[in-house]
Number of protein chains: 2
Amino acid sequence: MVMYYSVSYMENDVLKGFKPLRQKIIPSDIRHALIDARKKRGWSQRDLASRLGIGQRHISGIESGKIVPRYDTLLEIVRTLGHDFILVPRDLVPLVQSLVRDHQKDQPGEGDERPLYAAEYDDDRPQEPHDEV
Amino acid sequence: MVMYYSVSYMENDVLKGFKPLRQKIIPSDIRHALIDARKKRGWSQRDLASRLGIGQRHISGIESGKIVPRYDTLLEIVRTLGHDFILVPRDLVPLVQSLVRDHQKDQPGEGDERPLYAAEYDDDRPQEPHDEV
DNA sequence: CAATTTGATACCTTATAGTGAATCATATAC
DNA sequence: GTATATGATTCACTATAAGGTATCAAATTG
């Protein structure tokens, strides 16, 4: 959440000639959510890869953050794992995020996913750009 | 909506050895939503491109569907245009989609965006894969 | 109507995803 | 303890995004 507001400030800086900080990585909460979803299905990376018709090496690279796939590739992974990406106006984000959290709280098998969704997001973000850049 | 269910059937076919149909394009509803969001701000592709620190040619390619950007690149575009991507479990998609629609209905300046979000999605999808593939 | 803007397109180079196959170190299963 | 599975990694190649610059045809502006 805080992250979104900081991006807003960056937008204002852009108007003054500053370049935004390029992301260059999939947010770790998304990566973790996808790993969890895969494991909950009892699939290995090889299982998922063959379902998608792509190489296991890519699943590994994507999950670890070493590869940032094209949007279409990621979307297909996301959908294969029973999720979807929804384009949401920024001011709706908190509501939708909480909906998603509440929904997972209601799913016995997916309840464990909730803390990863929020906490890991804030924890991993400041660290991993350093590793990648 | 219907599109999501057809993908579900494809998933079942994968278990029987069929490859899923690779997307290779950003859904047109997303592209249109982004174009609308940009125009609502009175930005040209050049304006948006300079805010993002990338070339106008890329904005053009992405908006037209000729280029499928990496997820991080698209996410940055999305956020610069006041939106965000939320990872949503599939069975929550209808609710979230309707939330997004209702929210746009409530925004006077964004009310026009609603029909494009739903109608164009269904209309463009069957046509554009043929153009691209 | 001339000047400017706009989005599409072309050219070129670099970086990285995508593809296929294989191997490795470690973990897991039995 | 052995066999198997798993995720990470390597090698090599192709495809395409990313990046920069410029131009063009059409639209828009004033």
Side-chain angles (χ1 to χ4, degrees), chain A residues 14 17-28 30-81 128-129 131-133, chain B residues 14 17 19-28 30-81 124 128-129 131-133:
Chain A
V14 169
F18 288 101
K19 282 193 178 182
L21 187 63
R22 176 59 60 84
Q23 187 85 1
K24 300 277 186 223
I25 191 169
I26 305 181
S28 62
I30 288 177
R31 287 186 291 108
H32 291 163
L34 294 177
I35 293 169
D36 286 345
R38 173 173 64 79
K39 287 179 175 177
K40 278 189 174 53
R41 285 162 176 73
W43 296 345
S44 65
Q45 291 181 347
R46 283 185 175 87
D47 292 334
L48 177 57
S50 67
R51 285 165 196 277
L52 291 163
I54 69 176
Q56 176 266 328
R57 73 184 297 287
H58 275 93
I59 301 295
S60 181
I62 291 163
E63 287 188 353
S64 66
K66 283 177 180 166
I67 291 175
V68 182
R70 285 189 331 225
Y71 175 76
D72 60 339
T73 305
L74 187 61
L75 186 60
E76 203 172 11
I77 294 171
V78 157
R79 284 175 174 168
T80 299
L81 293 173
E128 298 211 6
D131 293 338
E132 297 295 327
V133 179
Chain B
V14 168
K19 282 192 178 181
L21 188 64
R22 177 62 58 82
Q23 189 82 5
K24 302 277 189 219
I25 192 169
I26 306 180
S28 62
I30 289 176
R31 287 187 289 112
H32 291 163
L34 293 178
I35 293 169
D36 286 344
R38 171 173 64 79
K39 288 179 175 176
K40 277 189 175 53
R41 285 160 175 74
W43 297 346
S44 65
Q45 290 180 346
R46 284 184 174 86
D47 293 333
L48 178 57
S50 66
R51 287 166 196 277
L52 291 162
I54 68 176
Q56 174 266 329
R57 72 183 298 289
H58 276 90
I59 300 295
S60 179
I62 291 164
E63 288 188 351
S64 67
K66 283 177 180 168
I67 292 175
V68 182
R70 286 188 332 225
Y71 175 76
D72 60 340
T73 304
L74 186 62
L75 185 61
E76 202 169 18
I77 293 170
V78 157
R79 284 174 175 170
T80 300
L81 293 173
D124 281 359
E128 297 209 7
D131 293 339
E132 295 296 325
V133 180

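All heavy atoms count here, side chains included; hydrogens, waters and symmetry mates do not. Quantities reported herein were computed from a predicted structural model and do not represent experimental measurements. Residue numbers start from 1 in every chain, and the chains themselves are labelled A, B, ... in the order their sequence lines are given, proteins ahead of strands.
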For Pro69(B) against Ile67(B), the heavy-atom pair lying closest together: CD-O, 3.5 Å
Interatomic distance where CD1 belongs to Ile54(A) and P belongs to dA15(D) [whole Å]: 18 Å
Partner of Leu34(A) under side-chain contact (heavy atoms from CB on, under 4.5 Å), chosen from Val78(A), Ile59(A), Ile62(A): Val78(A)
Whole-Å distance separating the CD1 atom of Ile62(A) from the C1' atom of dG7(D): 14 Å
Sidechain-backbone polar pair: Arg70(A) side chain, Arg70(B) backbone, donor-acceptor under 3.5 Å: no
Detail all sub-3.5 Å separations between protein N/O atoms and N/O atoms belonging to nucleotides 11-16 of chain C.
unit_1, atom_1, unit_2, atom_2, d
dC11(C), N4, Arg57(B), NE, 3.4
dC11(C), N4, Arg57(B), NH2, 3.1

Atom-to-atom span, CZ of Arg46(B) to C1' of dT4(C) - whole angstrom: 11 Å
Between dG19(D) (P) and Ile77(B) (CD1): distance, integer Å: 10 Å
Considering all heavy atoms, the nearest Ile25(B)-Val68(B) contact: CA-CG2, 3.7 Å
Sugar-phosphate only, base, or nothing, as touched by Gln56(A) at under 4.0 Å among non-hydrogen atoms: base
Flag, side chain of Arg41(A) to backbone of Leu81(A), donor-acceptor distance under 3.5 Å: yes
Protein-nucleotide distance (Asp72(A), atom CG; dA15(D), atom P), rounded to Å: 17 Å
dA8(C) phosphate, OP1 or OP2, under 4.0 Å from Gln45(B) side-chain N/O: yes
Any donor-acceptor pair under 3.5 Å from Arg51(B) side chain to Thr80(B) backbone: no
Gap separating the OG1 atom of Thr73(A) from the CG atom of Leu52(A), nearest 0.5 angstrom: 9.0 Å
Integer-rounded Å distance: dT6(D) P and Lys39(A) NZ: 11 Å
Close side-chain approach of Asp72(A) and Tyr71(B), heavy atoms under 4.5 Å: no
Under 4.0 angstrom between Arg38(B) side-chain N/O and dG7(C) OP1 or OP2: yes
Presence of Thr73(A) side-chain N/O under 4.0 Å of dG18(C) phosphate oxygens OP1/OP2: yes
Phosphate-side-chain proximity, Ser60(B) and dG7(C), N/O vs OP1/OP2 below 4.0 Å: no
Residue pair Ser60(A) / Gln45(A): nearest heavy atoms and the distance that separates them: CB-OE1, 3.3 Å
Close side-chain approach of Arg31(B) and Glu63(B), heavy atoms under 4.5 Å: no
Phosphate-side-chain proximity, Ser44(A) and dA5(D), N/O vs OP1/OP2 below 4.0 Å: no
Gap between atoms OH and P, on Tyr71(B) and dA18(D) respectively (whole Å): 14 Å
Under-3.5 Å N/O pairs linking protein and nucleotides 27-30 of chain C:
none

Minimal non-hydrogen separation, Asp47(B) against Gly42(B), with atom names: OD2-O, 3.9 Å
Base versus backbone protein contacts along nucleotides 25-30 of chain D [heavy-atom cut-off under 4.0 Å; B, S, -]: ------
Least distance between heavy atoms, Arg38(A) atom then Leu48(A) atom: CD-CD2, 3.8 Å
Atom-pair distance (CG on Leu52(B); P on dG20(D)), nearest Å: 12 Å
